[in-house]
A.B. asks: 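Dropping a structure here in structure tokens format, bear with me for questions.
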Protein chains: 2
Amino acid sequence: MTPAVSCASAAPRRRRKDARPSELLAAALELFVEKGFAATRLTDVAAHAGVAKATLYLYFDSKEALFRAVVAQGIVPLFAAAQSELGDYSGSASDLLVELLTRWQREVGATPLAGLYKLIIAEANNFPELVQYYHDEVIVRGRAMLADVLRRGMASGEFREIDVDATIDVVIAPLLSLIVWRFSLHRCGAGVDPGLLLQTHFDLLLHGLCVQRRTP
Amino acid sequence: MTPAVSCASAAPRRRRKDARPSELLAAALELFVEKGFAATRLTDVAAHAGVAKATLYLYFDSKEALFRAVVAQGIVPLFAAAQSELGDYSGSASDLLVELLTRWQREVGATPLAGLYKLIIAEANNFPELVQYYHDEVIVRGRAMLADVLRRGMASGEFREIDVDATIDVVIAPLLSLIVWRFSLHRCGAGVDPGLLLQTHFDLLLHGLCVQRRTP
DNA sequence: AATATTAATGACCGAAAGGTCAGTAATGTA
DNA sequence: TACATTACTGACCTTTCGGTCATTAATATT
């Protein structure tokens with residue numbers, strides 16, 4: 001017999017074979033980012049996706065497989081973002097650099113996808129091959145783009161000649177800090193204004209902190 | 001009877017009541033930082049400290065209590081570092097800033113203690129009150145020191161007048177990136193040279209990336 | 001050397017969570 | 001409406017791991 005009066009939350013069972021995987025991945029990403037891999041219960045992931053735990057196993061072989069799928073699928077857009085063409089940009093290298101980082105912040109840094117960074121950092125030693133994957137597909141490509149911009153600026157005489165790799169680290173560090181803040185420290189204190197931080201970062205990066213003028 | 005021939009690894013049992021806690025804390029810090037809280041087995045922690053799991057419970061009430069003790073004890077030196085007096089420094093604000101960050105990198109950033117940062121980031125949502133603790137005792141104090149230096153520089157006309165809080169974020173971001181690299185991404189690629197990174201950071205921070213001179 | 005104290009441990013317990021499966025019910029087809 | 005297909009699930013199994021305790025043995029005391 002059907003449950004008497006269908007006690008309020010008796011959501012009818014639905015069959016949506018193709019919507020499940022992405023919904024499960026989204027739920028898993030959210031919980032993995034929030035709690036970490038080991039502390040996340042598959043029951044919670046399933047519940048978050050409006051489904052029973054057993055259903056999860058129709059689409060993923062194991063908890064580890066789910067985790068890998070989350071990372072792999074999450075990396076695709078990052079990969080795409082890192083592939084975006086610089087093309088024939090006509091402005092200055094400074095403008096290009098600012099444009100690039102601003103766009104990244106808007107299209108990646110400010111989305112749920114940025115949580116992947118925290119997740120990979122946190123689970124790095126438990127899933128070394130995923131870190132390698134992330135490194136090769138995202139970090140290397142992203143850095144290559146920035147290196148290109150920096151070299152353009154140096155070649156045109158707009159930028160000073162300094163170590164490119166180290167500069168890249170300095171350039172992206174505040175963006176990564178922003179992610180950490182968003183996903184880990186967001187409850188403390190007055191928080192950070194991403195816009196102001198980026199603006200200040202660009203200002204300092206391009207012009208420096210000191211007042212005194214410099215000789216070309 | 002004593003075990004026959006004491007099969008090679010029969011380390012004799014030792015009673016060292018006062019050495020155990022610190023050894024257990026050190027082992028726990030290492031494993032928590034490497035694997036995270038949930039993925040760390042107490043058996044492994046105990047083994048790392050050369051002791052049986054049950055012994056761990058002579059000194060700590062639970063896994064959570066051990067974790068809190070690790071954080072609390074680890075924070076003490078950080079707290080102390082953040083308390084270190086700027087005193088009557090006679091050099092320029094630039095020199096003071098560089099000195100401060102360099103010392104921090106040497107005395108904290110390059111030690112096992114820096115792992116606490118990764119750990120707190122990773123477990124932030126599972127232990128909110130520890131994040132608050134870390135925030136109040138370490139972050140706030142550290143930022144206060146940097147704010148002091150920056151305001152000195154602005155007051156003396158050495159630094160430009162810019163947002164202090166945002167600048168602090170930019171100033172410390174590369175140091176935090178270095179920690180992340182050390183504890184999470186260290187296997188990938190060619191790695192980062194901390195010295196070169198800091199040097200480049202200071203150079204960019206104080207003088208900027210662009211060649212063109214600026215009007216005072 | 002004999003005894004007392006207590007640090008240390010191996011063996012065990014119970015709960016929790018990953019994983020499985022026989023059965024249920026939603027949908028398509030005739 | 002009747003039937004077939006299969007997405008979905010509740011209930012169950014099994015292992016792992018946090019936590020406990022009776023027992024052992026290292027040190028102090030006499």
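So you know, we letter chains A, B, ... as the sequences are listed, proteins then strands, and number each from 1.
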A.B. asks: Please table the atom pairs, donor to acceptor, closer than 3.5 Å between any side-chain atom in residues 120-130 of chain A and protein atoms at least two apart or in another chain.
C.D. replies:
| residue | atom | partner | partner atom | Å |
| --- | --- | --- | --- | --- |
| A/Glu123 | OE1 | A/Asn126 | ND2 | 3.0 |
| A/Glu123 | OE2 | A/Phe37 | N | 2.9 |
| A/Asn125 | ND2 | B/Glu34 | O | 3.2 |
| A/Asn125 | ND2 | B/Phe183 | O | 3.1 |
| A/Asn126 | ND2 | B/Lys35 | O | 3.0 |
| A/Glu129 | OE2 | A/Arg68 | NH1 | 2.1 |

A.B. asks: Given C/dT9, D/dT9, C/dG19, which nucleotide is nearest the side-chain atoms of B/Ala52?
C.D. replies: C/dT9

A.B. asks: Nearest-Å distance, CZ (B/Phe37) to P (D/dG18)?
C.D. replies: 8 Å

A.B. asks: Using whole Å, report how far CG of A/Leu58 lies from C1' of C/dA22.
C.D. replies: 14 Å

A.B. asks: Does B/Arg13 get its side chain close enough to the base of C/dT9, under 3.5 Å, for a donor-acceptor pair?
C.D. replies: no

A.B. asks: CG of B/Leu66 versus C1' of D/dC17: gap in Å, rounded?
C.D. replies: 15 Å

A.B. asks: Consider the side chain of B/Tyr57, meaning its heavy atoms from C-beta on, and name the nucleotide among D/dT9, D/dT20, C/dT9 that approaches it most closely.
C.D. replies: D/dT20

A.B. asks: Once you build an axis from the first five pairs and another from the last five of the helix from C/dA1-D/dT30 to C/dA30-D/dT1, how far apart in angle are they, to 10 degrees?
C.D. replies: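 Answer for the end axes of this duplex: 10°.
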
A.B. asks: Quick one: A/Lys17 NZ to D/dT5 C1', roughly how many Å, whole number?
C.D. replies: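 Taking atom C1' of D/dT5 as the reference, NZ of A/Lys17 is at 11 Å.
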
A.B. asks: Check salt bridge (Lys or Arg N to Asp or Glu O under 4.0 Å) between A/Asp148 and all other residues, then give those that pass, not counting sequence neighbours.
C.D. replies: A/Arg152

A.B. asks: Measuring from atom OH of B/Tyr57 to atom NZ of B/Lys63, what distance do you get when rounded to the nearest 0.5 angstrom?
C.D. replies: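 One finds 8.5 Å between OH of B/Tyr57 and NZ of B/Lys63.
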
A.B. asks: Counting side-chain heavy atoms from C-beta on, which of D/dT9, D/dT27, C/dG19 comes nearest to A/Lys53?
C.D. replies: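 Out of D/dT9, D/dT27, C/dG19, the nucleotide with an atom closest to A/Lys53's side chain is C/dG19.
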
A.B. asks: Are B/Leu97 and A/Leu209 close enough that some pair of their side-chain heavy atoms sits under 4.5 Å apart?
C.D. replies: yes

A.B. asks: Rounding to a whole Å, what distance do you find between A/Glu64:CD and C/dA17:P?
C.D. replies: 18 Å

A.B. asks: Rounded to whole Å, please give me the gap between CG in B/Leu31 and P in D/dG18.
C.D. replies: 12 Å

A.B. asks: Can a side chain N or O of B/Arg14 be found less than 4.0 Å away from OP1 or OP2 on D/dT27?
C.D. replies: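 Result: yes.
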
A.B. asks: Measure from the side-chain heavy atoms of B/Leu42 and tell me the nearest of D/dG18, D/dC17, C/dG19.
C.D. replies: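 Looking only at heavy atoms from C-beta outward on B/Leu42, the closest nucleotide is D/dG18.
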
A.B. asks: If you look at every strand shown and take non-hydrogen atoms under 4.0 Å, does B/Arg41 touch a base, only sugar-phosphate, or nothing?
C.D. replies: sugar-phosphate

A.B. asks: Taking atom C1' of D/dG18 as reference, at what distance in whole Å does atom CZ of B/Phe32 sit?
C.D. replies: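 Rounding to the nearest Å, CZ of B/Phe32 and C1' of D/dG18 are 12 Å apart.
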
A.B. asks: Categorize A/Tyr59 for me: base, sugar-phosphate, or nothing, with a 4.0 angstrom heavy-atom threshold over every strand shown.
C.D. replies: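 Here A/Tyr59 touches the backbone only, sparing every base.
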
A.B. asks: Starting at the 5' end of DNA chain D, which residue's closest nucleotide do you reach first, A/Arg15 or B/Ala54?
C.D. replies: A/Arg15

A.B. asks: What is the separation between atom CG on B/Leu56 and atom C1' on C/dG10, rounded to the nearest whole Å?
C.D. replies: 16 Å

A.B. asks: Please round to the nearest 0.5 Å and tell me the distance separating atom CG of A/Leu146 and atom CG of A/Leu101.
C.D. replies: 6.0 Å

A.B. asks: Go through B/Leu197 and A/Val170 one step at a time and tell me if the side-chain contact (heavy atoms from CB on, under 4.5 Å) criterion holds.
C.D. replies: CA-CA 8 Å; B/Leu197 174 58; A/Val170 174; 3.7 Å; yes

A.B. asks: Using the ring of each side chain (for Trp, its six-membered ring), is B/Tyr134 parallel, tilted or perpendicular to B/Tyr117, with breaks at 30° and 60°?
C.D. replies: tilted

